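These notes concern the structure reproduced below.
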Amino acid sequence: MKICLLRTLQTLFPCFLVAGLCPIPAAAQIAPVSNPQLASKVLNGRVDALLKRMTLDEKIGQLVQYSAGYATGPGASNLKYDELAAKGQVGSFLNVIGADATNHYQHIAMEKSRLHIPILFGLDVIHGHRTTFPTPLALAASWDSSAIETVARMSAEEARADGIAWVFSPMVDIARDARWGRIIESAGEDPYLGSAMARAWVKGYQQDDLSRPDSVAVSVKHFAAYGAAIAGRDYNAVEMGEITLRQVYLAPYHAAVEAGAATIMSSFNSINGIPATANPFLLTQILRKEWGFDGFVVSDWGAVAELRNHAIGDDAAVARKALEAGVDMDMEGNLYGSVIAAQVLTGKIPESVVDEAVRRILRVKFALGLFDHPYTVPGPAYSATPERRAVARKVADETLVLLKNEPVEGLGDLLPLTAKARKVALIGPLADNRKEMLGAWTVAGNPKDVVTLRAALAERLGDRLLYAQGCDLLSGEDANLLKRVDFIGGAAADEHLPIPDDAKTIAEAVEIAKKADIAILALGESASWMEGEASSRVHLGFTGAQEQLLQAVVATGKPVVLVVLASRPLQLKWAAAHVPAILEAWNPGVEAGHAVADVLFGDVNPSGKLPASLPRAVGQEPLYYAQMPTGRPAHGDLSHIPQNAGEKFMSRYMDEENSALFPFGWGLSYTRFSFSQPTVSRAEVPVREVLASGKEPVTTVGVDVKNTGSAVGTEVVQLYIRNTAASVEQPVRELKGFARVTLAPGERKHVEFPLGFNELNFYNVEIKRTVEPTTYKIWVGGSSLATAETELKVVE
Ligand code: BGC
């Protein structure tokens, strides 16, 4: 309470410090408290009391984490984990699943180790634990923070029942490059949407109270800018200016820290030549000093030891650099355990550095209540209970994005199918594949729980449903790829041998399409082998013979609905030109088939919007709507360009459009929405007022949204701005507000978006967030192409 008061006074009156009234050092004063639970005096008292009793070895033990289960990276240790736990030489285990397994180690730690310090069990709970929900990218397509909170809360309950009190989620890396396989774990390309999703994940997992028996601590990852790996190649270096780093890439991390994130995971990549795992600027300056982060930092898998490959020192040096930079726990690296103690004893590393790291880790353990309740009472069998399935279905319904829906002769708009679908041919390698519906990073999910599209359509259509697989996800030509695809060790290759005979299976599919009124193709890429970590691709089309299959079925002349099942933006250029209806379905989780069928048959009106742009060609990547301006815009005002220069000397490609095939924010509905001319409550605001506004609005943008169609529908109303005269150039558009609005046919609702410093600021050349006199253009609409326009003047 006292600390809070001091901090509040300090914020209100910076001179309070100068007056010498405050005994706390300046840096600690200025930084906000990121999580009051971790800053609690009582808790810190317990931590300090324990720390005083610890030997150096016991302290270092807390900084060490091993995988005592399966491996999620190279070079997994194979140690005597029982012994380590008994000696207090391990602070955390990852990849131990199930109440029995976690209790086993916990009993050893609590009963045999000298100080009875509980082990913190961490796991990749990414989009559900036992119950698998849609992938994070899909969830971001819902633009529904409350849905994400629900998913996180349910995942926390399930994880905790398995003894997992710490999840390696959310991944808040901005992902603007579809070649990067980990785009599936992200909320896509935009910092505003990404920040909203980050807050929702943290809130759902931690529930603002780590001590709840059904809360887990998050690990926000991967700090930082991992998504900007050069050429979209996983683990690759990142080169980035500080303004972009802060304004775009760090924004969701900051949002997560402000929401109280208990831990952060450092990333594999280097940034401007300094590996993130040994980066004091990121881990100490920004994270702790500027943001006031009170939790602890864990390295990514083996990343401390991998610093040797970054060639910045030997074992001792890299471990020291990581620890001193602010990496508190070494995940599956074994370096802290082996080389820190000697350096402390020789005075190379001050013991206070070790103490601080231990303190941070113990704080989280205390806050989670692990000292008081170390064991897990096995919970109910969560997986696939009807209640959980109902939530999974509702959430999945919201994630589906209708990319295209055109009229077909005699049928009107092809979707929804309803009575048009007398006989339906369901075709494709993802039509009846349970495992693939779960999506990447489903550690404890069970394919048996999945309802496939084939099963869901059979429920509706009975024998009016015809089915053919058509082809496999990989074809005979992909023999080399088959060897690479599965990190678990060749399972994929086994599943897919013998090599498929595509010509034969495509011909069979064509025959069943001919017998039907409508064909639904379920195509995509393999979530389990080609998406997620270490799954970068340079070709973003359908894998194997799927495109040939699609073309062959389209050639029958039957109306085709394409359902894309992939949690990365695939290149759909041919399909967009030749297929009348396309539904982006991502990887929808256990209720995949039901959710897709809900939308195909119109029980659910689609409302998802793209969180990442879909490219026309791979060469456009990284592709995102919030581009910086250029002096030679291809589609801008060309009047100042001399006639004879023509259009050649423009910022564009010779062989492709600049724009996305389907842009950020895009998504159709079975109804239509119109937007009134937006208005601002105050059209001119003095700059000093904006500067002082912080999170409070200085003006409000209002717009009327009307459902002009004949079905009930939900529109995600989006607000974009452009700063037209800043001292540092700003993107041509930036999302700064969104709202999901449900409207009955003919209904109109007024929607308001607040704008203040938070929305209008940018980083100037001094790397300070600021607002200057300028005019902001403002657009409101149903995608990043929004046209309803107004403006706001910020004046001297
Ligand atoms: C990944 C992390 C993950 C960790 C533990 C790493 O390879 O980059 O996202 O949390 O493994 O499984």
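Atoms within each ligand, like the ligands themselves, are counted from 1 in listed order. By convention here, the first residue in the shown sequence is residue 1. Heavy-atom basis, side chains included; hydrogens, waters and symmetry copies ignored. Everything quoted here is computed from the prediction, not taken from an experiment.
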Considering non-hydrogen atoms only, spot the tightest contact between V297 and G326 and give its length.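 So the minimum-distance heavy-atom pair works out to CB-O, 3.3 Å.
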Closest heavy-atom pair and its distance - T543, R537: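 Result for this residue pair: CG2-NH2, 3.5 Å.
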Say whether N587 and E436, considering side chains only, have a donor N or O and an acceptor N or O under 3.5 Å apart.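 No, E436 and N587 have no side-chain donor paired with an acceptor closer than 3.5 Å.
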Test: R153 and E149 ion pair at under 4.0 Å: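 A salt bridge is absent here (no side-chain N lies under 4.0 Å from a carboxylate O).
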Using the salt bridge (charged side-chain N to carboxylate O under 4.0 Å, His left out) rule, take E290 and R246 through it: C-alpha gap first, then chi angles, then the decisive distance, then the call. CA-CA 12 Å; E290 294 180 24; R246 287 180 181 266; 2.8 Å; yes
Residue by residue, ordered by chain and number, which ones reach under 4.0 Å of ligand 1 with a heavy atom?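 Correct list: T72, L94, D124, F168, R182, K221, H222, M265, F268, D300, W301, M331, W441, E533.
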If you look only at pairs with a residue in residues 187-205, which of them pass as a side-chain hydrogen bond (donor to acceptor under 3.5 Å, both in side chains), with sequence neighbours excluded?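 Found S169-Y205, E189-S613, D190-Y625, K203-D208.
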